[in-house]
Number of protein chains: 2
Amino acid sequence: MIKISNVKNTIIQGETVETLRQFPDKSIDCIFADPPYFMQTEGTLLRTEGTAFQGVDDDWDKFSSYNEYDQFCFEWLKECQRVLKDKGSIWVIGSFQNVYRLGYIMQELGFWILNDVIWEKSNPAPNFRGTRLTNAHETMLWCTKNKKASYTFNYQTMKFLNGNKQERSVWNIPLCTGNERLKDKNGKKLHATQKPEKLLEKVILSSTKPGDLILDPFMGTGTTAAVATQLARNFVGIEREEKYVKAATERVKAVPYVTNDPIMLASLDVKKPRVPIERLIEAGMLKERESLFDKFGGNGVVLKTTGCLDDGDSVLSIHKMSAKKLGKTNHNGWDYWFVKRGDDLVSINEFRENYREQFENE
Amino acid sequence: MIKISNVKNTIIQGETVETLRQFPDKSIDCIFADPPYFMQTEGTLLRTEGTAFQGVDDDWDKFSSYNEYDQFCFEWLKECQRVLKDKGSIWVIGSFQNVYRLGYIMQELGFWILNDVIWEKSNPAPNFRGTRLTNAHETMLWCTKNKKASYTFNYQTMKFLNGNKQERSVWNIPLCTGNERLKDKNGKKLHATQKPEKLLEKVILSSTKPGDLILDPFMGTGTTAAVATQLARNFVGIEREEKYVKAATERVKAVPYVTNDPIMLASLDVKKPRVPIERLIEAGMLKERESLFDKFGGNGVVLKTTGCLDDGDSVLSIHKMSAKKLGKTNHNGWDYWFVKRGDDLVSINEFRENYREQFENE
DNA sequence: CATTGATATGAATCCTACG
DNA sequence: ACGTAGGATTCATATCAAT
């Protein structure tokens with residue numbers, strides 16, 4: 001059995017399933033898996049000008065049938081589910097050749113799909129023969145271990161980085177090319193399917209916190225490890241081929257800096273501690289039996305020791321009472337109620353903020 | 001058994017599978033299917049013809065909970081495969097809740113995926129709770145009956161309509177709203193998932209010829225029927241609920257006009273008849289033993305009666321000879337060779353075009 | 001050094017009618 | 001059914017050489 005502390009921020013050379021079986025249960029915060037796609041291509045594809053297109057022709061992508069591929073995926077996905085923490089989540093990337101196998105199997109295993117995310121390629125390889133639509137995207141499945149599981153989603157961070165609009169399920173990102181693409185001694189691409197760092201950046205920023213441990217069971221050239229490191233997360237990788245293990249290890253060592261940008265550290269999504277209104281009474285910020293008003297000074301109600309409000313007709317929580325005054329079923333009372341301090345109306349939310357600042361280290 | 005001529009351009013009220021079973025084999029050119037999602041858990045275990053997961057341990061079935069939906073989809077997809085012509089193709093649309101079931105089952109049935117096409121919604125409903133990425137797309141699977149099947153793809157039409165660039169697998173199209181959306185007496189939307197006509201337009205334009213028969217086994221409000229009619233294709237629909245049958249029938253009747261735009265009628269993709277170069281000699285357009293040249297007047301070769309070219313070294317077809325001159329294995333000789341007419345060099349392709357015009361009715 | 005043009009290349013289920 | 005010949009087919013971007 002592997003001790004996590006011994007493998008944190010390393011790449012283990014080995015077979016995915018075999019190696020995963022040595023991991024303890026519920027030890028991983030997030031998984032990014034880029035398995036073989038089982039492309040089923042035959043022969044050579046010529047470009048229009050006559051040169052050969054260099055697609056995926058590696059042994060690791062060869063399977064004898066869907067059945068064999070399904071079983072392989074069933075096995076590694078089952079291990080991923082076991083090693084994932086209850087509040088963890090998993091990303092799996094594929095293309096139309098394999099993603100319907102992956103999605104089906106994951107649903108059978110009880111994984112719960114949060115989103116399927118489309119990586120729309122801004123510069124895809126064209127369809128040289130004009131036989132189909134240019135295949136310009138890949139699909140990622142983002143899932144929890146099961147239907148009921150909670151999970152990390154840095155909503156505010158993603159919204160901020162998307163020009164203050166909700167991030168959507170279609171991401172337009174270029175292919176991994178140029179300097180980012182690792183090359184061998186002959187200047188040829190080291191790996192057939194290296195993913196762009198931009199893609200991993202969005203994956204990690206959206207679904208992990210700084211310090212989380214991210215597993216990549218098909219590490220390849222180590223994009224997950226490099227981006228995790230840069231974003232102040234931890235990683236552990238599994239990779240079968242020695243040359244990729246070496247290249248990825250070098251790559252991670254060379255990550256130029258670890259970010260200290262608070263946005264990248266998910267500061268926007270740090271949950272503030274809950275402060276019951278009774279705490280504000282105990283702290284002397286609000287007084288028992290004092291009156292609360294709406295922002296115009298109307299709708300006066302009396303604050304009870306329990307933190308509930310009495311309008312002479314009923315006794316309700318600050319939220320239910322503001323909802324009642326507004327004729328709604330739900331409302332956030334912290335934004336509705338004010339107290340009188342001298343001649344001014346002061347929002348009770350201001351007292352809550354003050355309380356948090358004063359007692360933040362408790 | 002239903003006679004196709006009796007149901008052409010009508011909507012049949014009935015259950016999908018039951019009705020499809022009355023259709024003759026190989027009678028449909030194209031299918032567009034927008035099936036319901038109804039995911040019922042805890043159904044009876046019914047396997048898909050034994051092909052799935054033989055040899056996988058018992059954990060498999062323990063996790064199964066989508067069986068009833070799978071079984072339903074297996075049945076209607078199998079009937080679709082039966083009624084589809086050998087050269088037909090099928091489109092199936094779904095979202096992450098069901099599309100992995102659909103894709104998996106289609107692959108199990110032997111359907112061959114040509115593309116998965118993403119309908120990216122330009123105006124999706126936001127995620128109100130901020131709990132996930134905004135689900136801003138749906139997925140369509142475009143498939144032939146089997147791996148070897150040929151199919152209709154109007155490549156040039158799609159390219160033309162896309163600003164003369166290859167059409168890609170991600171389509172950005174707004175939701176169906178406004179006047180296009182059918183309403184009931186109370187002004188509420190008549191159907192929960194009415195698809196935009198623009199989507200069906202691209203589906204039909206890319207994969208059918210005018211006059212083709214398009215089946216929609218879950219017709220709903222009849223978007224497929226309306227767009228098929230407008231684009232001079234035929235349709236047959238199946239729909240369970242009477243109110244939708246009525247609304248869709250009215251809708252088709254009201255289609256304002258049938259297009260006569262040659263682009264929409266796929267004129268760009270009409271295959272031109274093959275003209276062997278010997279025909280041009282017989283027609284007196286080219287002369288035996290005259291010389292052919294490249295576009296600069298160089299590389300002179302002699303035209304033989306057989307239509308082959310002699311460069312003094314070897315005798316080859318116009319294609320092989322142009323390839324030889326270019327140092328390639330393949331080339332289109334029609335674009336390479338010219339003859340002298342007066343002081344001008346004239347492309348032999350021009351003579352081919354003239355020949356086609358002159359003898360087009362043969 | 002700046003600009004222009006040629007070349008290289010990316011997870012690809014990449015042809016079809018005729019004899 | 002199968003082999004073969006005809007002939008149709010590419011977009012965005014990075015790099016590097018040439019001007």
Side-chain angles (χ1 to χ4, degrees), chain A residues 34-58 60-61 63 66 69 93-100 119 121-139 172 174-181 183 187-189 191-196 218 220, chain B residues 87 107 111-116 142-144 146-151 153 155-156 159 162-169 269 271-278 307-308 316-323 328-337 348-349 352:
Chain A
D34 182 12
Y37 285 10
F38 186 30
M39 297 286 285
Q40 304 189 53
T41 53
E42 289 165 8
T44 52
L45 174 61
L46 298 181
R47 298 168 185 281
T48 314
E49 86 277 5
T51 61
F53 177 81
Q54 214 61 50
V56 176
D57 193 31
D58 301 84
W60 48 254
D61 199 47
F63 295 85
Y66 281 133
Y69 184 75
I93 186 167
S95 180
F96 70 85
Q97 295 87 346
N98 70 324
V99 79
Y100 300 96
W119 168 27
K121 303 175 183 181
S122 53
N123 53 346
N127 181 301
F128 301 115
R129 299 299 293 268
T131 56
R132 305 174 179 198
L133 299 163
T134 305
N135 187 19
H137 73 277
E138 296 187 26
T139 301
N172 191 294
L175 296 168
C176 177
T177 59
N179 282 336
E180 191 186 320
R181 190 94 194 205
K183 307 289 199 304
K188 295 288 170 191
K189 60 185 174 190
H191 194 284
T193 71
Q194 187 179 339
K195 295 291 176 288
F218 305 94
Chain B
K87 295 186 178 182
Q107 288 186 315
F111 284 104
W112 192 247
I113 301 176
L114 297 170
N115 284 113
D116 57 348
W142 179 37
C143 307
T144 52
N146 58 63
K147 181 174 180 174
K148 300 293 178 193
S150 65
Y151 53 94
F153 176 48
Y155 174 78
Q156 296 293 355
K159 184 175 172 181
N162 190 41
N164 229 27
K165 310 239 165 179
Q166 285 192 339
E167 183 61 87
R168 297 185 177 185
S169 59
D269 284 286
K271 294 280 183 300
K272 292 175 181 168
R274 199 173 85 85
V275 180
I277 193 166
E278 301 97 290
C308 286
L316 300 168
S317 75
I318 58 170
H319 309 296
K320 292 292 176 198
M321 186 61 85
S322 62
K328 295 184 176 185
T329 47
N330 291 301
H331 190 256
N332 185 345
W334 289 105
D335 294 333
Y336 185 89
W337 297 110
I348 61 171
N349 204 30
R352 182 169 67 156

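Heavy atoms only: backbone and side chains are in, while hydrogens, waters and symmetry mates are out. Reminder, nothing fancy here: chain letters follow the sequence lines and each chain counts from 1.
Listed pair B:K165 / D:dA12 meets the phosphate criterion, a side-chain N or O lying under 4.0 Å from OP1 or OP2. The side chain of B:R352 contributes an N or O atom lying less than 4.0 Å from OP1 or OP2 of D:dA8. Remark: A:Y37 is not in phosphate contact with C:dA12, judged by side-chain N or O atoms under 4.0 Å from OP1 or OP2. Between A:Q40 and C:dT13 there is no side-chain polar atom (N or O) within less than 4.0 angstrom of OP1 or OP2. At the phosphate of D:dG6, OP1 or OP2 sits under 4.0 Å from a side-chain N or O atom of B:S317. Residue A:N135 places at least one side-chain N or O under 4.0 Å from the OP1 or OP2 atom of C:dT13. Between B:Q156 and D:dT9 there is a side-chain N or O to OP1 or OP2 distance below 4.0 Å. Using a 4.0 Å cut-off, no side-chain N or O of B:R274 falls inside it from OP1 or OP2 of D:dG6. At D:dC11, none of the side-chain N or O atoms of A:N123 fall inside 4.0 Å of OP1 or OP2 (strictly under the cut-off). Between C:dA11 and A:R181, a contact under 4.0 Å exists linking OP1 or OP2 to a side-chain N or O. Between B:K271 and D:dA8 there is no side-chain polar atom (N or O) within less than 4.0 angstrom of OP1 or OP2. An OP1 or OP2 oxygen of D:dG7 is reached within less than 4.0 angstrom by a side-chain nitrogen or oxygen of B:H319. Side-chain nitrogen and oxygen atoms of B:K320 include none within less than 4.0 Å of the OP1 or OP2 phosphate oxygen of D:dA5. Neither OP1 nor OP2 of C:dT13 sits under 4.0 Å from any side-chain N or O of A:N98.
Distance from the side chain of A:L45 is smallest to C:dC14 among C:dC14, D:dT10, C:dT13. Among the nucleotides C:dT9, C:dC14, C:dG10, the one closest to the side chain of A:E49 is C:dT9. When each of C:dC15, D:dT10, C:dA11 is scored by its nearest atom to the side-chain atoms of A:F128, the top-ranked nucleotide is D:dT10. When the nucleotides C:dG10, D:dG7, D:dA14 are ranked by their closest atom to the side chain of A:T177, D:dA14 comes out on top. Comparing D:dT10, C:dA11, C:dC14 against the side chain of B:Q166 picks out D:dT10 as the nearest. The side chain of A:T48 has D:dT9 as its nearest neighbour among D:dT9, D:dT13, C:dA12.
Under the Watson-Crick or G-U wobble criterion, with both distances below 3.5 Å, C:dG10 is paired with D:dC11. Checking D:dC16 for Watson-Crick or G-U wobble geometry (two distances, each under 3.5 Å) identifies C:dG5 as its partner.
Within 4.0 Å (heavy atoms only), A:P124 reaches at least one base atom of the nucleic acid. Nucleic acid contact class of A:K189 (heavy atoms, under 4.0 Å, all strands): sugar-phosphate only. At the heavy-atom level, A:N179 lies under 4.0 Å from the strands shown only through sugar-phosphate atoms. A:T51 comes within 4.0 angstrom of nothing in the nucleic acid, heavy atoms only. Among the heavy atoms of the strands, none lies under 4.0 Å from A:W119. Note on A:P196: nothing from the nucleic acid sits closer than 4.0 angstrom, heavy atoms only. At the heavy-atom level, A:F38 lies nowhere under 4.0 Å from the strands shown. As judged by a 4.0 angstrom heavy-atom cut-off over every strand, B:K159 is placed among residues touching the sugar-phosphate backbone only. No contact: A:L46 has no heavy atom under 4.0 Å from any strand. Nucleic acid contact for A:Y66: base, since at least one base atom lies under 4.0 Å from a heavy atom of the residue. Residue A:D58 is classed as having no contact, given no heavy-atom separation below 4.0 Å to the nucleic acid. Within 4.0 Å of A:G43, counting heavy atoms only, lies at least one base atom of the nucleic acid.
One C1' atom belongs to C:dT13, the other to D:dG7, and the distance between them is 24 Å to the nearest Å. Nucleotides C:dG10 and D:dA8, compared at atom P, are 29 Å apart to the nearest Å. Taking atom C1' on both nucleotides, D:dT15 is separated from C:dA11 by 23 Å, rounded to a whole Å. For the P atoms, the distance linking C:dC1 with D:dA17 amounts to 16 Å, nearest Å.
Both A:R47 and A:E180 lie near DNA chain D, and the one whose nearest nucleotide falls closer to the 5' end is A:R47. Summary of the strand contacts: A:R132 and A:K188 both lie near DNA chain C, and taking for each the nucleotide with the nearest heavy atom, the more 5' one is attributed to A:K188.
Once rounded to the nearest 0.5 Å, the distance linking CG of B:N330 with OG1 of A:T48 reads 12.0 Å. With rounding to the nearest 0.5 angstrom, the CZ atom of B:R168 is 11.0 Å from the NZ atom of A:K121.
Centroid-to-centroid, the aromatic rings of A:H191 and A:W60 come within less than 6.0 Å.
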Where do A:Y100 and B:D116 land on the side chain to side chain donor-acceptor pair (under 3.5 Å) test, with the steps shown first? CA-CA 10 Å; A:Y100 300 96; B:D116 57 348; 3.0 Å; yes
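To the nearest angstrom, P of D:dA5 lies 11 Å from CG of B:N330. As a whole-Å value, the separation of B:D335 CG from D:dG6 C1' is 13 Å.
A:D34 places no side-chain N or O within donor-acceptor distance of the main-chain N or O of A:F218, the cut-off being under 3.5 Å.
Shown here, C:dT13 is classed syn by the O4'-C1'-N9-C4 or O4'-C1'-N1-C2 angle, which is within 90° of 0.
Between B:F153 and B:W142, the ring-plane angle classifies as tilted under the 30° and 60° cut-offs. Relative orientation of the A:F38 and A:Y66 rings is perpendicular, given thresholds of 30° and 60° on the angle between their planes.
Of the residues listed (A:I93, A:T139, A:N172), the one engaging A:W119 in a side-chain contact (heavy atoms from CB on, under 4.5 Å) is A:I93, and it is the only one.
Using a 4.0 Å cut-off between charged side-chain N and carboxylate O, B:K328 and A:E49 make no salt bridge.
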